[in-house]
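Because only heavy atoms are used, hydrogens play no part in the values below, and waters and symmetry mates are left out as well, while side chains stay in.
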Amino acid sequence: MSGASGDGVSGARTRGARGGDPSTARGGRGLAGSLAGVRVAVVVEARKAVASRVMASTTVLLVVGIGVLSLGMLLAAASGDEQVLAKLGPLAGLPGWAGLVGVVLQITAAAGVLAFGVALSWMFGREFADGTVAALFALPVSRPAVAVGKLVVYVAWSVVVAGALTCVVAIVGFAMGFGATDAAGVGALARIPVLVMLSSLVAVPAAWVATLGRGLLPGIAATVGIIVVAQVSAIADVGAWVPVVAPALWAIAPESVPAAALLLVPTVPLAFGALCALAWSRLQLDR
């Protein structure tokens with residue numbers, strides 16, 4: 001951040017260190033002032049996300065990409081492709097909606113966390129990469145409120161992605177002639193948006209690491225680390241009680257994950273969201 005430091009930046013840093021955070025003074029004190037700051041941050045960050053090519057491309061790659069890849073694998077399996085049949089394993093023998101949903105869940109479990117981690121790394125790391133973090137020290141909204149606003153927008157975007165992917169899968173199923181499904185099929189289909197949302201929650205540590213590392217790459221590296229931990233935990237057969245693994249195991253085999261294990265998943269975004277807000281409150285432009 002040395003390139004972003006100048007007289008104006010140094011002045012902002014000095015005011016924050018000696019006279020208190022100027023955003024705190026202007027944004028009001030107490031709960032009401034904090035909530036007002038978060039609301040403003042949500043509006044601004046939502047506009048950034050809507051205008052962002054990164055968020056748009058991530059959405060398309062995740063939603064359309066999973067739909068197309070699932071369709072391709074099912075068609076290849078139907079044609080007798082031995083490599084695809086080997087990769088699908090037991091899913092290759094499942095007919096109709098069960099086979100489609102099973103393939104989608106497997107792909108989403110692998111790709112979802114990575115996509116969400118990239119999105120979070122961009123939302124938080126771009127402020128440092130683009131040098132816009134300096135302006136945050138003079139805003140009438142506190143930096144923790146900005147961080148919380150980013151997370152709120154991220155969760156809202158995840159809801160949109162979850163709904164869009166479910167709709168795409170439904171369209172693919174009807175296009176393949178599967179027709180209406182029974183209650184069991186609807187229940188299986190409902191696991192898709194739940195898996196997407198849980199995957200988005202376990203990727204939140206990427207936001208904290210992107211803040212500490214002051215850039216996109218640290219956040220992406222943290223996302224890869226989460227995926228590695230998930231793979232190792234699954235191989236070690238302890239994944240059911242590991243929050244970053246439980247969602248994928250539950251989606252693929254619900255009976256293998258206790259309900260209490262899924263209740264641990266929200267602890268990840270709560271803990272790392274709080275750490276992220278704390279890190280933003282302690283930002284210094286000369287470090």
Side-chain angles (χ1 to χ4, degrees), residues 49 54-67 69-70 87 101-125 150-151 153-166 168-169 191-213 215-236 238-254 256-257 261-273 275-276:
V54 173
M55 300 297 287
S57 59
T58 302
T59 303
V60 172
L61 289 174
L62 189 58
V63 174
V64 179
I66 291 177
L69 186 57
S70 301
K87 292 180 179 179
V101 171
V103 172
V104 170
L105 290 174
Q106 277 202 348
I107 298 174
T108 304
V113 174
L114 179 60
F116 288 123
V118 170
L120 274 172
S121 299
W122 176 85
M123 293 181 71
F124 284 82
K150 288 178 181 290
L151 291 174
V153 171
Y154 166 74
V155 172
W157 170 71
S158 301
V159 173
V160 173
V161 171
L165 178 58
T166 305
V168 168
V169 173
R191 293 206 301 272
I192 294 176
V194 175
L195 174 60
V196 172
M197 288 305 305
L198 292 178
S199 298
S200 71
L201 295 181
V202 301
V204 170
W208 180 58
V209 177
T211 299
L212 296 182
L216 284 74
L217 291 182
I220 295 174
T223 304
V224 175
I226 292 173
I227 296 174
V228 171
V229 170
Q231 293 292 331
V232 172
S233 300
I235 294 174
V238 295
W241 290 98
V242 179
V244 298
V245 187
L249 292 180
W250 168 82
I252 297 173
S256 66
V257 179
L262 289 179
L263 295 178
L264 295 177
V265 175
T267 63
V268 175
L270 290 176
F272 284 94
L275 287 173
C276 191

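Closest heavy-atom contact between A240 and A261: O-CB, 2.9 Å. Contact record, V153 with A49: CG1-CB, 4.0 Å, taken as the closest heavy-atom pair. The two residues V268 and P243 make their nearest non-hydrogen contact at CG2-CB, 3.6 Å. Contact between A206 and T223 at its shortest, heavy atoms only, is CB-OG1, 3.5 Å. Closest non-hydrogen pair, V245 versus A230, comes out as CG2-CA, 3.3 Å. The heavy-atom pair separating C276 from T211 by the smallest distance is SG-OG1, 3.8 Å.
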Exercise answer: donor-acceptor pairs, residues 192-204 side-chain atoms, under 3.5 Å, sequence neighbours excluded:
unit_1 : atom_1 : unit_2 : atom_2 : d
S199   : OG     : L195   : O      : 2.8
S200   : OG     : M197   : O      : 2.5

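Summarising the local packing, CG of L217 is surrounded by 12 or fewer heavy atoms from other residues, nucleotides or ligands at distances under 6.0 Å.
Between the CG atom in L114 and the CG atom in L62 there is a gap of 9.5 Å [rounded to 0.5 Å]. Rounding to the nearest 0.5 Å gives a distance of 7.0 Å between NZ of K150 and CH2 of W122. To the nearest 0.5 Å, atom OG of residue S70 and atom CG of residue L165 are 8.0 Å apart. I66 contributes atom CD1, which lies 7.0 Å from atom CD1 of I107 (distance to the nearest 0.5 angstrom).
Partners of P254 by side-chain contact (heavy atoms from CB on, under 4.5 Å), not counting sequence neighbours, listed by chain and number: R191, W250.
For residues 154-166, the pairs satisfying side chain to side chain donor-acceptor pair (under 3.5 Å) are T59-W157, with sequence neighbours left out.
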**Report entry** Stepwise side-chain contact (heavy atoms from CB on, under 4.5 Å) test for L151 and L120
**Finding:** CA-CA 8 Å; L151 291 174; L120 274 172; 4.2 Å; yes
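For S121 (side chain) and I220 (main-chain N/O), a donor-acceptor pair under 3.5 Å exists by modelled atom type.
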